[in-house]
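Here's the structure, in structure tokens; my notes come after.
On a predicted model such as this, the values are computed, not experimentally measured, just so you know. Residue numbers run from 1 in the order of the sequence given.
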Amino acid sequence: MRYVPNKKQVRERLTSVKAWELPKQKSALAPPHVWTNEDMDPVKIENQTWTLWTWMAYWATDTINLGTWETASSILAVGLSWREAIPIIVVGTSSVAIPMVLNGAIGAKLHIPFSVAIRASFGYYFAYFAIVSRSILAMFWLGIQGANGAQCITIMLTAIWPSYGRIPNHIPTNQGITTQGMISYFLFWIIQLPLLLIPPTRLRYLFATKLIAAPITALATMGWCVHKAGGSGKIFSLQPTVSGSTKAYLWLSCMSSVTGSWSTLACNIPDFSRYAKTSRGQYIQLPILPAVFTACAVIGIVTTSATGVIYNELLWNPLDIISKWLEMGHGGRAAAFFAATSWYIAQVGTNITANSISAANDLTVLFPRFVNIKRGCVIAAIVGGWVIVPWKILSSAQTFLAFMGGYAVFLAPIAGILAADYWLVKKQHIDVPGLYDPDGRYHYWNGVNWRALLALIVAVSPNLPGLGYSIAQPADTTQPNPVHISNGAKNLYTFDWLFGFVTSIFVYTVLSYLVPHKESLVQHTVYGNEILDEGLPSDVESTGVMTGEKGYGEADEKKVMAEL
């Protein structure tokens, strides 16, 4: 039965924080005094259902959205051509696919979420810094997709009622949004909100529709633009507007923007790989992510190049192209409506799978006493939808690329430390039950692994001047930047993701070998199995399954569990 609070409970919730407290949930592995929830426990065997085909379908569904198109086509808008843009996409996505697979292996083998896995390297309490960083950025991306979705609403309503497109503006131009845009944004947000509260497993028809509608719309848009441009000759003859060292550093900056678009998932990919049926299936991400992203990006690049021929300006947002169809009579309005509807479905689907659920999971870990998954989705929708004012981030191609590259400054080192700790320091052997104990082997020094802290500082600090310079850059590029930094700091920031990822791996690994924390090192993996959930005898430990003292391998441990 659905729970509905009575009048007394509503009154208490309006006057007392304690009234929002949730019943304490049972956990199989956390100590009794730790307030946690069962969603953080290792995934049960019956729920480990993701196969090779699931991974392929996931990336095909998640990658096809306006963000992918904009990330690629905005490369052209800042002065490069297709000859530079396509290699940037391939190199950038291939680079981020590596940590995706390295960190995905943690969830696939141990079946634990990112918020638990990160404790092995950062320490029980310092892990909250990584969780907060990742959750904030997931909410940023939730808002970005929502701002795009609002434009879909505008096109759909204008196609039906042309007068909607003539709503007078009463909002200052420097706010990056109009009165009409704000109405559309609110409509998108309020329609999306109840959908975010529905489990993704019940929205399979929406995802199936997205997988069919979005690619067809993207290909149709590209075909129309190429036809209007007079074929591919003019498209591929467009030349970059920059050269020399400026071109080289712009190349690196755009590559960082591409990697930045997936730097969030490079950290929290265990949230999804934990459902893997085998530990091998997730390796398909290495070729499939660059392949699908590049295919979608190439469509965006070719289409954007074509708009330069058709309109004498590069339209890096496909919705700007669709908007022009509204001026082409009834047929154009009908085409615009259906195209905008396809992208609307794509935006909502991506927000549900990649952004809302991820942010809600992190908020549940951060505030288990007050936040569950549904409450987390509502909080993420409010923060991501309104607090971060995403329409200002999307106000220009330069601003968008600055945003995409900026938040990789913090996530790249987190992904690097997580991967280095699991593969190079701990040799893939983790004591899973110990991750749930604040006083266990991963307590380190007051809950903080100073090696991870130092590696994070070393990797992030050199990029902070560049980040500040990027944030302070006025929307009007003709105006001087109030922040002054050296050319070296500017150039370093152009490849912030690559620098942060590689540097964090090197520093953390060296420190861990020079000053090892022996208590956190185990010779064999200690699995957090479903045995405790099912109430089996405590003498299971004598088999070596839980403690690993007998030297059992992964296959032996699964065999013993099956026999039990």
Side-chain angles (χ1 to χ4, degrees), residues 42-43 45-65 67-69 71-72 86-114 117 200-201 203-204 207-208 210-212 214-215 218 255 258-299 346 349-350 352-355 357-358 361 411-412 415-416 418-420 422-423 428 430 497 501 525 554-555 558:
V43 175
I45 293 177
E46 60 266 25
N47 293 327
Q48 297 171 17
T49 58
W50 280 40
T51 64
L52 179 72
W53 297 107
T54 309
W55 281 109
M56 296 176 67
Y58 171 79
W59 282 115
T61 303
D62 194 49
T63 305
I64 302 172
N65 57 63
T68 300
W69 182 303
T71 301
I86 293 178
I88 285 172
I89 295 297
V90 174
V91 174
T93 52
S94 298
S95 297
V96 80
I98 294 174
M100 200 81 73
V101 168
L102 293 176
N103 293 330
I106 302 174
K109 179 180 178 181
L110 305 178
H111 304 289
I112 56 177
F114 161 77
T201 53
L203 293 172
R204 59 184 181 276
F207 299 145
K210 171 188 172 181
L211 192 57
I212 296 172
M255 188 198 72
V258 173
T259 55
S261 64
W262 296 107
S263 59
T264 305
L265 265 177
C267 292
N268 79 298
I269 189 63
D271 288 344
F272 301 94
S273 63
R274 63 189 295 211
Y275 298 102
K277 193 171 186 179
T278 68
S279 59
R280 296 183 298 275
Q282 66 97 24
Y283 287 100
I284 192 63
Q285 295 180 100
L286 191 57
I288 199 67
L289 174 57
V292 176
F293 192 99
T294 302
C296 186
V298 167
I299 295 174
T350 299
I352 294 173
T353 55
N355 302 317
I357 296 297
S358 297
N361 278 328
L411 290 187
L418 181 63
Y422 180 72
W423 290 94
Q428 305 178 53
I430 302 292
W497 188 91
F501 182 70
T525 300
E554 181 178 0
K558 289 185 176 180

Heavy-atom closest contact ([X] atom, [Y] atom, distance):
| X | Y | result |
| --- | --- | --- |
| Leu289 | Met100 | CD2-CE, 3.7 Å |
| Trp497 | Ser263 | NE1-CB, 3.7 Å |
| Met56 | Ile284 | CG-CG1, 4.0 Å |
| Leu286 | Pro290 | O-CD, 3.1 Å |
| Pro42 | Ile112 | CG-CG2, 4.0 Å |

Reported [atom1]-to-[atom2] distance for the pair [X] and [Y], which is rounded to 0.5 angstrom:
| X | Y | atom1 | atom2 | value |
| --- | --- | --- | --- | --- |
| Ile299 | Thr294 | CD1 | OG1 | 11.5 Å |
| Lys277 | Asn47 | NZ | CG | 12.5 Å |
| Ser273 | Trp55 | OG | CH2 | 5.0 Å |
| Ile106 | Leu418 | CD1 | CG | 4.0 Å |

>> Test side-chain contact (heavy atoms from CB on, under 4.5 Å) on Thr49 and Thr54; report intermediate values, then the result.
In response: CA-CA 9 Å; Thr49 58; Thr54 309; over 6 Å; no
> Under the side-chain contact (heavy atoms from CB on, under 4.5 Å) criterion, do Tyr422 and Ile430 qualify, and how do the steps go?
Replying inline: CA-CA 8 Å; Tyr422 180 72; Ile430 302 292; 4.0 Å; yes
>> Does Trp262 form a ring pair (Phe, Tyr, Trp, His ring centres under 6.0 Å) with Trp59? I'd like the steps, not just the answer.
In response: CA-CA 12 Å; Trp262 296 107; Trp59 282 115; 5.3 Å; yes
Between [X] and [Y] (side chain of the first, backbone of the second, donor and acceptor by atom type, cut-off under 3.5 Å), is there such a pair?
| X | Y | value |
| --- | --- | --- |
| Ser279 | Lys109 | no |
| Asp271 | Pro113 | no |
| Asn268 | Phe114 | no |
| His111 | Arg274 | yes |
| Asn361 | Ile357 | yes |
| Thr93 | Phe293 | no |
| Gln282 | Val101 | yes |

> Under the side-chain contact (heavy atoms from CB on, under 4.5 Å) criterion, do Gln285 and Ile269 qualify, and how do the steps go?
Replying inline: CA-CA 11 Å; Gln285 295 180 100; Ile269 189 63; 3.3 Å; yes
> Are Phe501 and Val96 close enough, and set up right, to give a side-chain contact (heavy atoms from CB on, under 4.5 Å), and what steps lead you there?
Replying inline: CA-CA 10 Å; Phe501 182 70; Val96 80; over 6 Å; no
> What is the ring orientation for Trp50 with Phe272, classed by angle as parallel under 30°, tilted 30 to 60°, or perpendicular over 60°?
Replying inline: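 Aromatic pair Trp50/Phe272 classed tilted.
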